[in-house]
> 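One structure coming up, written as structure tokens, with questions to follow.
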Amino acid sequence: MFNKLLYIAALLRNQGSFNRSASEQGFALPISLVCGLIILLLGGTLLLRSQNDQVTASMQQAADSSLNTTEGGVTRIQAFIEANRAIATYNLSDWLTATTTLSAQFSSCSATTTAQIVNFATTATSWQNIDPQNPSRGQFRLVNYTYVADNPAQPRSTPGRGILEVEGRSQNQQSTNRLRITIPILAGDVTGTPVPGLWLAEGGTSNNRIQANVLLNDCSTPLNNISVTGNDPATGQPYRAQYTDLRIPALPPIPSPLFNSLSTNINTNVTLPRTQDVPTVKVIRGQTYQVYEYDVASLNIANNRSLTIRPGSMVRFYLRGSISRGGDIIHNCTGASSTCTPTNFQIYGYGPQNSSICLNGNNRIEAFILAPNYSVGVAGTGGGQGGYFGAVWTRNWSNSGSCGSNTSNITVTQTANWDFIDTLPQNLPPKLSPASTWERLVAQ
């Protein structure tokens, strides 16, 4: 009996164990399914996130590429403007059509022609590869350039600012950037530019030797027609003749009234300024000076007579006619005080075309001569001791017997500086300062 009871208890225990195992198995199945689903969702989320990261990275790479391309395009266009600074005060529309006013800034001596300006602007406004050898680096284009003068009444005047807009895009056009750059445009100056000892609008000098830098506006004249000798003491470099698209400065207005005058015919030795002459106070390059100004209709000095400019005095002739070859005009700073400079004596020639300034070369004449319509010459140089010392800017140089001579001596020696010259070359290009602002815009 007892054994039967043990047998029944064993059966009941086994039945309970079986029931618990079945119950546990039924509970584990949904847990496994939930866990699998969670793992699946996590995996999908990680996969999507990885894909999004790849897309974001790709887009960022494209954006960086397009920005780099845009900046490269800006650099290219800025370099072109710097090389052709005359265009800096004109709008893109002027570049594209080479308007009359823009064309006037270039001459036959210019390194760049108006046709090249038009070609550059036309090409730059179309998409082009930043690297022609590697199209994968992206493309850029010029969107716009506008000049805004500080003085609205004079839209081409300086100072002002140039506003440059450039777009760049990455390969496959995934991203496009636009930059707007503001470039301060300042008035041009002659800093670092030596005064040309001889500046001719046309023609050469034939046999006369010139110890100076020579500028020519006539590109049809062979440079080897000009005999240049010596070195510039300021730079140690040899003097040279070169073409320029700058133009001889415009003459300053004749003052009114002029307090002093000279007779047309001088038959005695005269020294200027005379005791009765009245100076005019003038500000030249920020400094105040007393300048003796003379109204000169024309000038004919008798043989063996002289007109001497006292060393250290500042004297200006406003010449309406010609100066004939005869006696001597003398201005010599040799051994004088430091207040004496070649440009203390200035001759401004207002005569019509084919007027002339013809001097003997036996004595040294230190002067600055600005005579755009004149022919200037010197008859010999007294064994090389005489002639012009300073600067002569005129239409042409004469070698004829009536005005000048075909001497092989040095007839012009460069000794002038800008300190007392208060007139600047025409077409002096503006100066570009570093960009003052960079602004990212929405590409259109």
Side-chain angles (χ1 to χ4, degrees), residues 71-125 140-166 179-196 199 201 213 215-219 235 240 242-250 285 393 418 421-438:
E71 291 175 345
V74 168
T75 301
R76 296 274 185 88
I77 296 167
Q78 279 186 295
F80 185 81
I81 299 173
E82 178 65 42
N84 302 277
R85 289 178 289 159
I87 70 175
T89 57
Y90 290 82
N91 298 332
L92 175 60
S93 57
D94 299 304
W95 304 1
L96 288 166
T97 58
T99 56
T100 302
T101 53
L102 176 59
S103 297
Q105 304 301 312
F106 297 88
S107 72
S108 59
C109 292
S110 300
T112 305
T113 66
T114 52
Q116 289 172 315
I117 297 295
V118 172
N119 181 67
F120 173 83
T122 302
T123 302
T125 51
F140 77 96
R141 68 172 179 174
L142 169 61
V143 177
N144 198 16
Y145 178 85
T146 305
Y147 179 71
V148 181
D150 288 357
N151 181 3
Q154 298 179 340
R156 299 288 167 257
S157 64
T158 52
R161 60 191 185 279
I163 302 173
L164 174 65
E165 291 187 15
V166 178
L179 290 176
R180 176 186 290 162
I181 298 90
T182 300
I183 307 169
I185 308 296
L186 306 178
D189 58 37
V190 292
T191 301
T193 303
V195 176
W199 191 343
N213 287 315
L215 294 184
L216 279 180
N217 289 123
D218 182 3
C219 292
T235 63
R240 65 192 184 103
Q242 59 185 319
Y243 301 123
T244 181
D245 58 351
L246 296 177
R247 293 198 297 272
I248 292 175
R285 298 193 180 277
W393 301 350
W418 293 108
I421 299 176
D422 55 354
T423 183
L424 296 176
Q426 298 184 73
N427 281 26
L428 195 64
K431 294 171 59 178
L432 276 64
S433 293
S436 59
T437 63
W438 286 65

> Check whether any side-chain heavy atom of Ile81 lies under 4.5 Å from a side-chain heavy atom of Tyr145, and answer yes or no.
yes

> Check whether any side-chain heavy atom of Leu179 lies under 4.5 Å from a side-chain heavy atom of Trp438, and answer yes or no.
yes

> According to side chain to side chain donor-acceptor pair (under 3.5 Å), who are the partners of Arg247, at least two apart in sequence or on a separate chain?
Asn427

> Go through the structure and list residues passing salt bridge (charged side-chain N to carboxylate O under 4.0 Å, His left out) with Glu165, not counting sequence neighbours.
Arg178, Arg180

> Tell me every residue that passes ring-ring contact (aromatic ring centres under 6.0 Å, His included) with Tyr90, counting only those two or more places apart in sequence or in another chain.
none

> With a 4.5 Å cut-off on side-chain heavy atoms, are Phe106 and Ile117 touching?
yes

> Got a second to check how far Ile87's CD1 is from Phe120's CZ, nearest 0.5 Å?
7.0 Å

> Less than 3.5 Å apart, any donor N or O on the side chain of Asn91 or Thr146 sitting next to an acceptor on the other?
no

> Scan residues 96-125 for pairs that pass salt bridge (charged side-chain N to carboxylate O under 4.0 Å, His left out), counting only residues two or more places apart or in two chains.
none

> Should the pair Trp199 and Trp393 be assigned to parallel (<30°), tilted (30 to 60°) or perpendicular (>60°) ring geometry?
perpendicular

> Do you know the tightest heavy-atom contact between Leu246 and Pro429?
CD2-CD, 3.8 Å

> Checking Arg141 now: which residues fulfil salt bridge (charged side-chain N to carboxylate O under 4.0 Å, His left out) with it, not counting sequence neighbours?
Glu167

> May I have all residue pairs that pass salt bridge (charged side-chain N to carboxylate O under 4.0 Å, His left out) and include part of residues 181-191, sequence neighbours excluded?
Asp189-Lys431

> Which residues pass the side chain to side chain donor-acceptor pair (under 3.5 Å) test with Asp245, sequence neighbours left out?
Ser110

> How about Asn151 and Ser157: does a side-chain donor come under 3.5 Å of a side-chain acceptor?
no

> Please round to the nearest 0.5 Å and tell me the distance separating atom OG1 of Thr244 and atom CG of Asn217.
6.0 Å

> Which distance, rounded to the nearest 0.5 Å, do you find between the CZ of Arg85 and the CZ of Phe80?
14.0 Å

> May I have all residue pairs that pass salt bridge (charged side-chain N to carboxylate O under 4.0 Å, His left out) and include part of residues 144-155, sequence neighbours excluded?
none

> I'd like to check the ring-ring contact (aromatic ring centres under 6.0 Å, His included) partners of Phe140; sequence neighbours left out, ordered by chain and number.
none

> CD of Gln105 to OG1 of Thr100: how many Å apart, nearest 0.5 Å?
11.5 Å

> Go through the steps to decide whether Leu102 and Thr114 satisfy the test side-chain contact (heavy atoms from CB on, under 4.5 Å), and finish with yes or no.
CA-CA 8 Å; Leu102 176 59; Thr114 52; 5.6 Å; no

> Test of understanding: with side-chain contact (heavy atoms from CB on, under 4.5 Å), list the residues that count as partners of Asn119, not counting sequence neighbours.
Thr123

> Among residues at least two apart in sequence or on other chains, which ones pass side chain to side chain donor-acceptor pair (under 3.5 Å) with Asp218?
Ser220, Thr221

> Please round to the nearest 0.5 Å and tell me the distance separating atom CG of Leu164 and atom CG of Leu142.
6.0 Å

> Run the ring-ring contact (aromatic ring centres under 6.0 Å, His included) test against Tyr147 and tell me which residues pass, sequence neighbours left out.
none

> Roughly how far apart are Ile183 CD1 and Ser436 OG, rounded to 0.5 Å?
8.5 Å

